[in-house]
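Residue numbers start from 1 in every chain, and the chains themselves are labelled A, B, ... in the order their sequence lines are given, proteins ahead of strands.
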Amino acid sequence: MPELPEVETTRLGLMPILGSSVLQLAVIQPRLRQLVPETLRSIIGEQLNTLSRRGKYLLLGTNKGTALIHLGMSGSLRLTATHEPYRKHDHVSLILSNDYSLRFHDPRRFGLFLWLEDEPLQHPLLSSLGPEPLTEQFTPEHLFSLSRKKKSPVKSFIMDGHIVVGVGNIYANEALFYAGIHPLTPANQLLLTDYQRLHQHICRILSIAIERGGTTLRDFVNSKGNPGYFQQELMVYGREAKNCLICQHVLELVRVNNRSTIYCPQCQPAFRSF
DNA sequence: ATGGTGACCTGACCGC
DNA sequence: TGCGGTCAGGTCACCA
């Protein structure tokens with residue numbers, strides 16, 4: 001489910017929990033990619049001081065440690081009234097001092113809910129991540145220089161969290177379309193000017209998607225249970241066999257790293273040999 | 001080192 | 001109505 005804009009939307013909606021304390025912890029269903037109920041108990045009694053984001057990870061900070069949360073493909077965090085019954089696939093509930101509960105819900109269980117006592121950014125899951133796309137650490141030159149030895153498709157390249165974080169399947173498709181780059185182009189065949197366009201559109205699309213509250217295709221909801229609206233502006237994702245909104249050519253589908261990839265053969269020509 | 005594939009899960013949808 | 005197949009917003013371990 002969530003790419004960077006959806007995680008950021010979730011984070012912004014949860015800011016009201018800051019300053020409250022965790023009265024109780026309920027681990028309803030611990031089976032996730034990673035969740036250790038025993039260590040998580042350390043959060044009980046702690047005040048929630050900070051809520052930050054690194055890539056698609058959320059970091060809920062206290063004086064004693066940090067809860068590291070990833071929503072996987074289908075996860076969501078919601079603020080509910082404490083007396084509200086659990087829903088199927090609720091995994092964790094933090095009962096807060098302000099009469100609300102923070103519920104972690106994840107049907108596919110690819111998410112993660114961990115307690116870290118050490119510096120969270122040093123954790124192996126975070127320490128090798130690439131730059132945040134909406135910071136000055138992320139530049140066209142960064143993409144260009146890291147791509148010189150990469151023969152893999154440019155779409156895989158920009159979706160690799162070690163290159164840049166937060167660009168998932170939807171926004172990779174969209175950015176490549178706007179940049180006029182065929183998704184299968186080997187990353188090392190693109191020029192600096194190509195990466196300048198790609199960089200510009202990655203930043204622009206992610207920013208707009210955050211403004212729209214993210215993209216809801218099936219089940220993304222923000223912390224209040226409401227959908228996002230960026231899906232109304234998608235140019236290629238989910239539009240296989242429909243007409244390109246720019247040139248009317250039929251959009252085509254190809255699988256890149258087992259992920260559906262939609263592109264316009266006319267706007268994103270395969271002009272180099274591959 | 002790099003790149004491709006399968007694995008992890010459940011639910012929705014489609015065709016028969 | 002039910003069954004089997006396919007697909008889904010992410011990431012990682014494992015191979016060649």
Assign each of A/Asn258 and A/Lys150 the nucleotide of DNA chain B bearing its closest heavy atom; nearer the 5' end lies the nucleotide of A/Lys150
Value in whole Å for how far the P atom of B/dG3 lies from NE2 of A/His162 = 13 Å
May I ask you to evaluate whether A/Lys151 reaches the phosphate of B/dG4, defined as a side-chain N or O under 4.0 Å from OP1 or OP2?
-> no
Check whether more than 12 heavy atoms from other residues, nucleotides or ligands sit under 6.0 Å from atom OH of A/Tyr86, and answer yes or no.
-> yes
Where along residues 108-125 of chain A does a heavy atom fall under 4.0 Å from DNA chain C?
-> A/Arg108, A/Phe110, A/Leu125
Distance, rounded to the nearest Å, where A/Leu71 contributes CG and B/dC8 contributes P | 22 Å
More than 12 foreign heavy atoms under 6.0 Å from CZ of A/Arg41: is that the case here?
-> no
With hydrophobic residues grouped by side-chain heavy-atom distances under 4.5 Å, do A/Val27 and A/Leu71 end up in a single group?
-> yes
Would the number of heavy atoms belonging to other residues, nucleotides or ligands and lying under 6.0 Å from CD of A/Glu119 be above 12?
-> yes
Taking Watson-Crick and G-U wobble contacts under 3.5 angstrom, with | marking pairs to another strand and [ ] crossing pairs, the secondary structure of DNA chain C is written .|||||||.|||||||
Sub-4.5 Å side-chain heavy-atom contact between A/Leu114 and A/Leu40 = no
A/Lys64 atom NZ: more than 12 heavy-atom contacts under 6.0 Å = yes
Report yes or no: is the cationic atom of A/Arg239 (NZ for Lys, CZ for Arg) under 6.0 Å from the centre of the six-membered ring of A/Tyr237, at an angle within 45° of the ring normal?
-> no
Report yes if some heavy atom in the side chain of A/Phe113 is under 4.5 Å from a heavy atom in the side chain of A/Gln34; otherwise report no.
-> no
Is any side-chain N or O of A/Tyr237 closer than 4.0 Å to OP1 or OP2 of C/dG9?
-> yes
Which value, in whole Å, describes the distance between the P atoms of nucleotides B/dC9 and C/dC3?
-> 23 Å
Are A/Thr9 and A/Asn222 close enough that a side-chain donor and a side-chain acceptor fall under 3.5 Å?
-> no
Using the P atom as the reference point in each nucleotide, state the distance between B/dG3 and C/dG9 in Å, no decimals.
-> 22 Å
Quick one: A/Leu58 CG to C/dG10 P, roughly how many Å, whole number?
-> 15 Å
Under 4.0 Å between a side-chain N/O of A/Thr215 and OP1 or OP2 of C/dG9, yes or no?
-> no
Please state whether the phosphate of B/dC9, meaning OP1 or OP2, lies under 4.0 angstrom from any side-chain nitrogen or oxygen of A/His89.
-> no
Considering only side-chain heavy atoms of A/Arg255, which listed nucleotide, C/dG10, C/dG9, C/dA8, is closest?
-> C/dA8
Distance from A/Glu132 atom CD to A/Arg54 atom CZ, nearest 0.5 Å?
-> 5.0 Å
Mind calculating the distance between NE2 (A/His91) and P (B/dC9) to the nearest angstrom?
-> 11 Å
Please report, rounded to the nearest Å, how far the P atom of B/dT2 is from the CG atom of A/Asn257.
-> 15 Å
In whole angstroms, how far is the C1' atom of C/dA8 from the CZ atom of A/Arg259?
-> 8 Å
Rounded to whole angstrom units, what separation is found between the CZ atom of A/Arg33 and the P atom of B/dT10?
-> 16 Å
Any side-chain N or O of A/Ser156 under 4.0 Å from OP1/OP2 of B/dG3?
-> no
Would you mind reading off the distance between A/Met159 atom CE and C/dA8 atom P, rounded to a whole angstrom?
-> 11 Å
Contact class for A/Tyr57 (heavy atom, under 4.0 Å): base, sugar-phosphate, or nothing?
-> sugar-phosphate
